[in-house]
Amino acid sequence: METIISLTTRQLYDIVADKHGENQQPCPECSHNRRKKNIKCFSYNVEKELGYCNHCEASFVKHQPHEEKQYIKPTIEFKNFTKVSDSVVKYFEGRGISQRTLLQMKIGEKSEWMPQIEKESNCIMFPYFKDGELINVKYRDGKKNFKLSSGAELIWYNYDAIQKCIDDSAELVIVEGECFPAGTEILTEKGWINLENYTAGKVAQFENGNINFENPICRIEKEYHDYLIEIKSKGYYSLTTKNHNLLLKNKKGYTKRTAEFLSTSKGVFDIPRVGILDAKGINLSDDQIRLMLATCADFTFRKSGDIYGCFLKQRKVDRITEILDRLNIRYAKNLMKNGYTAIFIHRGHGLDYCSKIFNHELISKLSTEQCKLIIEEMVLWDGNYVKGRKQYEFSSKHYSNISFIQTISHLSGYVSTVMKRKNKFGEWYKCSVLLNKSKSNTQALKFEKIPHIGKVYCVQMPAGNLLVRQNGIITVTGNCDALAVIQSGIDYVISVPNGASIGKMDYFDSSFELINKVKTFIIATDNDLKGVELKNDLVRRLGFEKCKIANLRAFKDLNEVLVSEGVESVKNTILNAKLLRLSDIYEVSDFESELDAYFEHGLPQGKKIDIPELDDKIRWLTGHYATVSGSPTSGKSEFVDFICAKLNIIHGWKVGYYSPESAPLPVHFSKVFSKFSGFKFGKQYNNSESDRYTVQDYVKDNYYWVAPVDDINLDEILKRFEYLVKAKGVKVFVIDPFNRIETDQDYNHDKLLYIKKTLKKIISFCKKNDALLFLIAHPTKLQKMKDGKYPMATMYDISGSADFFNMTSYGISVRREQDDNTMEFLSHGQVAISKAKLNETMGKTGVWEFRYNINNGRYVSDIMDDRATVYDNSNWITKEEYKEPEKEYKIPTVTPNEAFGDSFPELQF
């Protein structure tokens with residue numbers, strides 16, 4: 001018995017296929033509807049796992065159901081561990097968390113085996129519940145070691161706040177977080193990495209003076225159109241969003257204040273800059289670590305495996321020979337004529353841990369003693385003591401090595417600085433380790449507001465603080481703390497994990513069924529342009545009839561309300577949130593916060609797709625629809641596919657299709673695939689399984705098709721589109737073409753009225769769901785020009801009604817040039833933008849000259865001069881340039897028509 005799936009209808013069928021090779025039988029798709037039901041028109045090949053019906057022409061493949069990842073639930077039976085000791089209560093009180101919150105969140109205390117110390121230890125216990133079931137447990141011992149239950153599913157802490165909200169018929173508050181700009185580095189187990197490039201892995205966090213590495217609760221990425229606050233002094237630097245929490249210290253202990261608060265405060269605080277790392281330690285003896293440092297500083301590594309160094313200073317000669325002798329490593333020592341002493345270590349020495357560049361993956365594993373040893377030993381090689389100061393200095397031409405020493409100094413309790421030096425001999429870097437400095441002070445700080453338009457990033461750490469590096473300066477800073485929000489008295493609250501980032505919301509998709517049961521939501525996103533966008537996206541997915549909007553007045557977010565006016569003001573802001581009315585009647589107060597953002601930053605601009613010549617003429621706004629037409633075989637669908645792909649890869653807008661003319665789905669998928677991969681879909685174009693599945697998985701997460709067997713009417717199409725909005729977060733839709741929308745009335749009876757009603761429904765759908773929709777419509781039969789070529793079709797050429805132009809927000813026509821002699825369609829042409837309803841935000845209109853890349857279906861500007869056209873063949877997902885496969889796979893040549901998907905030089909309308 002085989003289970004197969006029809007590629008036409010997506011229906012599953014069980015068939016008997018017990019023969020090798022072809023199995024002939026009636027078609028499971030069409031035979032039951034035929035008069036001669038027993039004719040064996042269907043054949044299924046067991047080896048190839050492919051089937052085909054000669055009658056209905058349906059194709060089948062073996063069904064291979066997706067296997068969900070299997071998680072291991074904690075083996076403990078959850079009990080009441082909330083009777084915590086006084087020491088645990090005091091620990092949380094030091095962070096501003098009361099015992100009431102500990103009880104509410106079921107934070108407990110339990111003895112648990114900790115792998116870092118290889119024994120049981122008394123631990124704080126953070127249970128992760130989902131639907132009342134224990135899914136995961138995080139443990140933290142007194143030495144700041146953390147662990148999660150092995151193999152368990154990682155879910156949001158306080159996930160059941162959603163279920164509690166449903167059970168209590170309460171209102172669920174949704175907020176967002178604060179972040180850093182791109183270029184900010186965080187310390188991971190593999191070394192420093194820019195926040196925008198971080199995807200997974202443990203990150204260095206700060207907790208009461210100690211440093212440990214732990215998995216973040218979540219990563220935050222959002223658009224931010226407001227000012228950043230730059231804070232700097234001679235040895236300190238910070239650049240964050242204005243409401244980002246900074247970790248400070250006064251006589252009462254650690255506290256957090258926003259960057260903007262600090263910029264106006266007259267209070268004096270210390271800013272912690274360092275911590276103490278005490279990991280298990282790397283598997284090297286002290287002398288092996290000393291040898292690793294010495295060889296990195298003063299030895300040369302030959303390709304043959306030999307290692308040698310020449311020394312003028314006798315103290316270095318004595319030091320290296322002592323180390324080698326203690327390690328029983330054979331070496332040769334020769335006094336040279338120039339007065340230098342050569343130390344030669346022959347290949348086969350087994351010193352794999354030694355190299356000219358330090359391994360940054362060692363950092364997170366170092367013990368406190370090993371960190372101190374590295375700092376003190378490096379002084380003897382690439383360093384020196386500074387007379388009259390408690391200061392070490394290290395020099396190297398390799399920035400990676402200086403970064404290694406700088407990082408270890410901050411993990412040893414010492415502030416350090418890095419400077420670039422230059423003289424007639426070249427450039428190098430100097431790291432100064434200040435042995436009597438562990439903090440900065442707010443008295444000497446200077447503040448500056450810097451406008452920012454773009455993305456910002458952060459990670460939320462369990463301890464609430466992390467180590468960052470900006471402008472080469474390392475410091476400790478705060479991040480969003482979920483328990484602090486709960487402490488403020490708001491019980492039913494969840495936070496958007498990736499800030500004001502719209503489009504791809506995996507956290508939303510995974511909880512879609514549950515969150516749909518919440519009766520009322522209170523949206524309290526940031527009071528800036530991107531916060532407004534996030535609010536609109538949440539409202540359209542949650543349903544505007546279920547959403548209340550919190551009026552933050554002149555404040556940026558709830559955190560600013562809390563700092564400025566206290567807990568009661570936060571509660572009043574939530575209680576006074578207004579339900580969005582169904583009557584479509586609005587007062588100025590309903591959108592006053594948006595007016596503030598628009599007045600400050602201007603009207604929201606349509607999205608660009610990084611093609612300047614086209615972006616100048618047309619920019620894309622949701623809440624509108626675009627009508628696209630063109631001459632025969634002009635590539636209308638190809639152009640729309642390309643625009644959708646650009647909007648997706650740049651802005652994260654998911655795409656939904658109703659495109660009967662693009663069937664079968666695998667063919668249309670292959671065209672979409674090429675837009676992202678940079679190469680045609682097929683082993684002969686790229687035989688890398690990794691490249692294929694990386695792009696294929698990306699498309700699977702971002703593209704959806706409405707593909708019934710027969711054409712359906714507009715109401716059914718829009719009903720399915722609305723499901724994709726709410727369930728999948730789809731933002732862009734395509735109906736291709738208009739004449740494949742089924743109607744149960746006589747089209748010719750009142751054609752104009754039918755078209756007007758249809759277009760009004762599309763407009764209503766776009767506004768209600770804040771979506772962008774492309775409607776592809778064929779023109780009437782165009783009269784060829786005198787030279788035999790097709791002219792540019794206009795909006796008024798579309799078959800049926802002038803309303804195609806009058807009612808649309810965007811009017812777009814596509815045309816391909818033709819050969820003067822053969823009239824064959826070429827791979828370049830024009831796109832005419834005849835209408836952009838809101839010129840100030842949607843574009844100036846005009847004609848864009850394009851060239852089409854037949855290798856992957858992408859468009860570029862035709863520069864119309866002697867310069868060669870530069871085509872983009874890179875993989876948008878992996879960021880790698882396309883390379884042709886090995887010689888055994890020869891890439892067949894294609895014509896422009898074949899690339900556009902045209903079977904003939906002319907197609908019927």
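Along the sequence shown, residues carry numbers from 1.
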In chain order, what residues pass the salt bridge (charged side-chain N to carboxylate O under 4.0 Å, His left out) check against [X], with sequence neighbours excluded?
X	result
Arg34	none
Asp14	none
Lys40	none
Lys636	none

TODO: Would you check if Ile643 and Lys646 make a side-chain contact, meaning some heavy-atom pair closer than 4.5 Å?
DONE: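 No, their side chains stay 4.5 Å or more apart.
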- [ ] In plain terms, say whether Lys719 and Glu716 are close enough for a salt bridge, that is, a side-chain N and a carboxylate O under 4.0 Å apart.
- [x]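 Yes, Lys719 and Glu716 are salt-bridged.
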- [ ] In plain terms, say whether Glu824 and Arg816 are close enough for a salt bridge, that is, a side-chain N and a carboxylate O under 4.0 Å apart.
- [x]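 Between Arg816 and Glu824 there is no salt bridge, as every charged N stays at least 4.0 Å from the carboxylate O atoms.
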Does [X] reach the main-chain N or O of [Y] with its side chain, forming a donor-acceptor pair under 3.5 Å?
X	Y	answer
Ser629	Ala777	yes
Asp736	Ser659	no
Glu661	Pro737	no
Arg858	Tyr852	no
Ser674	Phe679	yes
Lys879	Trp876	yes
Ser31	Pro28	no
Lys202	Glu189	no
Lys546	Val518	yes
Asn23	Gly51	no

Point-to-point distance, once rounded to the nearest 0.5 Å, from [atom1] of [X] to [atom2] of [Y]:
X	Y	atom1	atom2	answer
Trp620	His651	CH2	NE2	11.0 Å
Ser634	His778	OG	NE2	9.5 Å
Asn648	Asn702	CG	CG	4.0 Å
Asn536	Asn769	CG	CG	12.5 Å

- [ ] Verify the ring-centre separation between Tyr139 and Trp113: is it less than 6.0 angstrom?
- [x]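 No, the ring centres sit 6.0 Å or more apart.
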TODO: Determine whether the aromatic ring centres of Trp705 and Tyr658 lie less than 6.0 Å apart.
DONE: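 No, too far apart.
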Only counting residues at least two apart or in another chain, list the ones meeting side chain to side chain contact (heavy atoms under 4.5 Å, CB included) with [X].
X	value
Cys766	Tyr625, Ile762, Leu773
Thr199	none
Lys767	Ile763
Lys761	Leu714, Asp715, Leu718

Open item on the list: Which label fits Phe676 and Tyr698: parallel for a plane angle under 30°, tilted from 30 to 60°, or perpendicular past 60°?
Closed with: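 It falls in the tilted class, 30° to 60°.
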Open item on the list: Is the ring pair Tyr657/Tyr703 parallel, tilted or perpendicular, if the boundaries are 30 and 60 degrees?
Closed with: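 Rings of Tyr657 and Tyr703: parallel, as their planes differ by under 30°.
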Task: Pairwise ring pair (Phe, Tyr, Trp, His ring centres under 6.0 Å) hits with a residue in residues 33-52, at least two apart - done: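 Pairs touching residues 33-52 that pass the test: Phe42-Phe60.
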Open item on the list: Restricting to ring pair (Phe, Tyr, Trp, His ring centres under 6.0 Å), what partner residues turn up for Tyr13, sequence neighbours left out?
Closed with: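 Listed in chain order: nothing, the list is empty.
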Task: His624: partners by ring pair (Phe, Tyr, Trp, His ring centres under 6.0 Å), with sequence neighbours left out - done: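 Partners of His624 under the ring pair (Phe, Tyr, Trp, His ring centres under 6.0 Å) test: none.
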Open item on the list: Show, in sequence, the C-alpha distance, side-chain angles and deciding distance for Asn875 and Asp691, and conclude whether the side chain to side chain donor-acceptor pair (under 3.5 Å) test is met.
Closed with: CA-CA 9 Å; Asn875 187 317; Asp691 286 352; 4.7 Å; no
Task: Sole candidate of Trp653, Phe765, Tyr704 that passes ring pair (Phe, Tyr, Trp, His ring centres under 6.0 Å) when paired with Phe733 - done: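 Among Trp653, Phe765, Tyr704, the one that satisfies the ring pair (Phe, Tyr, Trp, His ring centres under 6.0 Å) with Phe733 is Phe765.
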- [ ] Could you tell me which non-hydrogen atom of Cys644 sits nearest to which non-hydrogen atom of Val734, and how far apart they are?
- [x]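 Closest heavy-atom pair between Cys644 and Val734: SG-CG2, 3.7 Å.
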Task: Summary of salt bridge (charged side-chain N to carboxylate O under 4.0 Å, His left out) pairs that have at least one residue in residues 18-28, sequence neighbours excluded - done: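 Listed once each, the pairs would be none.
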Task: Between Asp872 and Asn853, a side-chain donor and acceptor under 3.5 Å - done: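 On atom types as modelled, these side chains do not qualify, holding no pair under 3.5 Å.
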